[in-house]
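What follows is a single structure, written as structure tokens, with notes after it.
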Amino acid sequence: ARCVERFAREGAYDFYGGDRKGQNLYGNCLVALEAETGKMRWYFQTVHHDVWDYDLPAQPVLITVRHDGREIPAVAQVTKMGFVFVFDRATGKFTRYVHDPNDADSLTEDTVSTMYEDAEGAIWVGTFAGLDKLDRTTGKFTHYKHNPADPASIGADSVYALLPADDGKMWVGMLGG
């Protein structure tokens, strides 16, 4: 069955949550709905009672994950806290990718600003410390950083936007680059 993913954010103040009523179950949340009926299939809340401006910074991306020789329809969601959640679209089961200073193959940094799937199916993640490319088979990241001595490196490390170009390549929006 097809489903529609939607993200929601709380409509209250960023730094005070004392006047919020209820559990705020669908604030800062990814919700999967049945496209035919509108019935909720599953949801995942990234932050409960957000009081530090941790709403979701970008739209979710529909992807296909290859795992154990199978292709799994998935949806990926980045957060302002540096997490990349990858959910099975049917079940909501997820895999979380985070920065680990002891693992050179993890995300470059804990602040993720954007994500993009290119025409070949590669997942690109923009962080405040560089650009990462996820190998969907191994779950490891390749890092692209600014190197002033290398004119072929990216122009800056703070990556804010990733967009498709007409020629199949990718535009990378950076702070100062």
Side-chain angles (χ1 to χ4, degrees), residues 1-100 106-107 109-128 132-141 159-164 170 173:
R2 294 182 316 146
C3 68
V4 177
E5 285 81 15
R6 172 158 171 89
F7 65 106
R9 95 172 265 219
E10 293 183 13
Y13 302 108
D14 287 337
F15 302 108
Y16 176 73
D19 59 353
R20 296 184 192 156
K21 307 288 189 254
Q23 296 178 346
N24 296 111
L25 286 180
Y26 306 111
N28 300 336
C29 191
L30 185 67
V31 180
L33 304 173
E34 291 286 341
E36 294 82 13
T37 65
K39 179 181 175 189
M40 183 172 64
R41 182 180 287 177
W42 57 264
Y43 75 95
F44 182 82
Q45 187 175 39
T46 59
V47 177
H48 306 290
H49 283 285
D50 179 12
V51 293
W52 295 109
D53 194 25
Y54 286 143
D55 54 288
L56 299 174
Q59 71 282 358
V61 177
L62 300 178
I63 62 173
T64 301
V65 174
R66 290 168 199 86
H67 182 69
D68 291 336
R70 297 182 308 128
E71 290 194 350
I72 302 167
V75 57
Q77 178 67 62
V78 298
T79 74
K80 289 181 180 177
M81 297 163 291
F83 299 134
V84 177
F85 291 102
V86 178
F87 299 89
D88 180 307
R89 284 188 229 167
T91 65
K93 180 181 173 188
F94 74 90
T95 303
R96 182 176 70 174
Y97 298 97
V98 297
H99 170 68
D100 179 351
S106 71
L107 276 173
E109 207 256 346
D110 273 341
T111 306
V112 173
S113 55
T114 188
M115 185 171 52
Y116 171 71
E117 181 179 21
D118 69 20
E120 285 80 42
I123 302 297
W124 295 86
V125 181
T127 75
F128 288 1
D132 293 343
K133 182 180 179 183
L134 175 63
D135 181 324
R136 295 159 113 173
T137 305
T138 64
K140 297 179 179 185
F141 290 90
V159 177
Y160 284 89
L162 300 170
L163 300 166
M170 176 175 64

Rounded to the nearest 0.5 Å, what's the gap from CG on Asn28 to CZ on Phe44? Could you check? 11.5 Å

Any sub-3.5 Å donor-acceptor pair from Gln77's side-chain atoms to Ala58's backbone N or O? yes

Work out which heavy atom in Leu33 is nearest to a heavy atom in Gly38; give both atom names and the distance. CD2-O, 3.8 Å

Got a donor-acceptor contact below 3.5 angstrom from the Thr111 side chain to the Phe128 backbone? no

Could you check if a side-chain atom of Tyr26 sits within less than 4.5 angstrom of a side-chain atom of Met40, using non-hydrogen atoms only? yes

Looking only at heavy atoms, the pair that brings Trp42 and Ala90 closest together is CD1-O, 3.8 Å

For Glu34 and Lys39, what are the C-alpha separation, side-chain angles and deciding distance, and is it a salt bridge (Lys or Arg N to Asp or Glu O under 4.0 Å)? CA-CA 5 Å; Glu34 291 286 341; Lys39 179 181 175 189; over 6 Å; no

Rounded distance [0.5 Å steps], OG1 in Thr127 versus OH in Tyr160: 10.0 Å

Nearest-0.5 Å distance that lies between atom OG1 in Thr79 and atom CE in Met115: 10.0 Å

Where the side chain of Ser106 meets the backbone of Asp100, is there a donor-acceptor pair that is under 3.5 Å apart? yes

Closest non-hydrogen contact found for Arg89 with Val75 is CG-N, 3.9 Å

Going from CG on Leu163 to OG1 on Thr114, what distance comes out if it is rounded to the nearest 0.5 angstrom? 7.0 Å

Using the side chain to side chain contact (heavy atoms under 4.5 Å, CB included) rule, pick out the option among Leu107, Leu134, Val98 that qualifies with Val84. Leu107

Would you check if Met170 and Asp118 make a side-chain contact, meaning some heavy-atom pair closer than 4.5 Å? no

Heavy-atom nearest pair, Thr64 first then Glu117, reads N-OE2, 4.2 Å

Looking at CG of Leu56 and NZ of Lys80, how far apart are the two atoms once the value is rounded to the nearest 0.5 Å? 9.0 Å

Can you check whether Gly139's main-chain N or O pairs, donor with acceptor, with Asp135's side chain at less than 3.5 Å? no

When rounded to the nearest 0.5 Å, the distance separating CD1 of Ile63 from CZ of Phe87 is 11.0 Å

